[in-house]
Amino acid sequence: MTELPRVLQQLWGIEGPARPGPKPTFHISDIGNAAIKLADAAGISAVSMSKVAAELGFTTMSLYRYVDSKDELYVVMLEQAFGPPAPVDPKADWRERITTWALAFRDGLRRHPWVLQIPIVEPPLSPLQLEWMENGLRAFEDTGLSPGDSLSAMLLVNIYVRGAGAITVGTPSGSKAVSEANQLYVQRLAMLADPDRFPTIARNLQSRPAEDFDVDYDASEFIFGLDAVLDGIEALIARRA
């Protein structure tokens with residue numbers, strides 16, 4: 001029989017074999033919250049077993065009673081970083097449902113951009129992560145897509161959101177900061193994009209206002225890309241029908 005890792009047993013509330021030593025003092029969620037606090041303040045590189053233990057006020061060895069490695073610590077952090085997904089609106093069509101899901105995912109990455117630096121070593125298995133997966137798949141109910149196609153469509157949207165997030169992580173947020181960063185980028189691009197070597201870039205610079213090079217994660221550019229992805233999925237739905 002396949003046995004779940006101890007960290008998943010704790011997240012699911014399954015009683016695993018007792019470990020020797022004192023009775024656990026903290027809940028696994030306390031460890032996740034402490035690690036998230038460190039990552040939000042100084043990035044994922046600031047998270048270590050010793051620093052998380054210090055944040056909670058106990059020894060590093062005590063932390064190993066809850067998680068066996070930093071990879072397991074990441075599992076707990078990812079479980080708690082996003083929280084539960086918004087409920088699926090049964091009255092909405094599939095595009096509205098998956099758009100709501102994608103925007104919520106995007107907003108979670110904005111709150112915790114360090115998530116993108118955590119390596120993906122296996123598909124999600126924790127409770128809230130599976131709820132996100134369930135809602136993503138439910139968005140494609142009644143579309144006629146097979147279960148496999150629905151999973152692929154959800155993963156495609158997931159990859160788009162993560163990709164868009166990776167491009168904009170570290171860029172300033174807020175209209176003034178974005179505008180200033182955008183103007184600086186366009187000025188530098190104009191200096192480097194020689195028309196003979198980069199004719200297409202040069203034509204874009206001449207024909208588009210500087211604001212069109214906006215890289216703000218909240219801007220319409222994100223929706224443009226998401227709509228393009230969903231147009232492709234909609235074409236797939238039509239072919240399957």
Side-chain angles (χ1 to χ4, degrees), residues 78 81-82 85-113 115-118 120 123-124 129 131-175 177-179 181-183 185-186 189-190 193 198-241:
L78 290 174
F82 290 95
V88 175
D89 183 356
K91 297 179 181 179
D93 64 19
W94 72 268
R95 286 188 72 123
E96 185 178 345
R97 292 197 295 263
I98 196 63
T99 296
T100 299
W101 185 88
L103 290 174
F105 182 25
R106 178 203 65 177
D107 292 344
L109 292 178
R110 283 208 65 129
R111 291 192 300 271
H112 308 294
V115 166
L116 293 167
Q117 296 176 278
I118 294 180
I120 301 175
Q129 291 283 289
E131 285 188 25
W132 277 87
M133 183 177 179
E134 170 72 13
N135 279 16
L137 290 172
R138 285 180 63 193
F140 296 103
E141 282 187 323
D142 305 321
T143 61
L145 291 180
S146 68
D149 285 343
S150 295
L151 178 60
S152 295
M154 182 202 67
L155 289 175
L156 178 60
V157 175
N158 180 293
I159 290 168
Y160 168 72
V161 177
R162 290 182 68 92
I167 290 172
T168 53
V169 163
T171 59
S173 59
S175 57
V178 168
S179 177
N182 181 56
Q183 289 176 20
Y185 171 72
V186 173
L189 185 61
F198 305 105
T200 307
I201 296 176
R203 284 197 299 271
N204 267 273
L205 284 169
Q206 293 170 2
S207 62
R208 299 171 63 186
E211 306 84 66
D212 280 3
F213 289 85
D214 193 350
V215 293
D216 186 6
Y217 204 20
D218 280 334
S220 59
E221 195 69 22
F222 177 83
I223 296 298
F224 173 85
L226 180 61
D227 281 341
V229 171
L230 299 186
D231 286 347
I233 295 173
E234 189 167 0
L236 174 66
I237 292 170
R239 287 201 303 272
R240 292 292 187 264

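The structure presented is a predicted model; accordingly, all values stated were derived computationally and were not measured.
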Quiz item: Does a side-chain heavy-atom distance below 4.5 Å link R162 with I159?
Solution: no
Between R111 and A81 the two heavy atoms that sit nearest each other are NH2-O, 4.4 Å
Here the gap from D149 atom CG to I233 atom CD1, rounded to the nearest 0.5 Å, amounts to 10.5 Å
Shortest non-hydrogen pair, A193 vs A202, comes out as O-CB, 4.2 Å
Closest non-hydrogen contact found for V115 with L78 is CG1-CD2, 3.6 Å
dist L156:CG -> I98:CD1 (nearest 0.5 Å) comes out at 10.0 Å
4.5 Å side-chain heavy-atom contact, L103 and F222:
yes
Taken to the nearest 0.5 Å, the spacing of L236 CG from S150 OG works out to 9.0 Å
*Quick one: are the ring centres of F105 and Y160 less than 6.0 Å apart?*
no
Exercise. Side-chain contact, heavy-atom cut-off 4.5 Å: T100 with D89?
Worked result: no
Please determine whether side chain to side chain contact (heavy atoms under 4.5 Å, CB included) holds for the pair E96 and D93, giving the CA-CA distance in whole Å, both sets of side-chain angles, and the decisive distance to 0.1 Å. CA-CA 5 Å; E96 185 178 345; D93 64 19; 3.3 Å; yes
Pairwise side-chain contact, F82 with H112, heavy-atom cut-off 4.5 Å (strictly under): no
Nearest heavy-atom contact between L226 and A102 is CD2-CB, 4.0 Å
Taking the side chain as every heavy atom from C-beta outward, state whether D231 and R95 have any atom pair closer than 4.5 Å.
-> yes
In terms of heavy-atom contacts, G144 and R240 come closest through O-CB, 4.5 Å
On a heavy-atom basis, the closest approach of W101 and V157 is CZ3-CG1, 4.0 Å
One should read off an interatomic distance between I167 CD1 and L116 CG, to the nearest 0.5 angstrom, of 11.0 Å
Under 3.5 Å donor-acceptor pairs involving side-chain atoms of residues 132-142, not counting sequence neighbours:
unit_1 : atom_1 : unit_2 : atom_2 : d
W132   : NE1    : G83    : O      : 2.8
N135   : ND2    : A86    : O      : 2.8

Counting N and O atoms only, with roles assigned by atom type, does the side chain of R97 sit under 3.5 Å from a partner on the main chain of A92, one being a donor and the other an acceptor?
yes
Interatomic distance, CD@Q206 vs CD1@I201, rounded to 0.5 Å, equals 12.0 Å
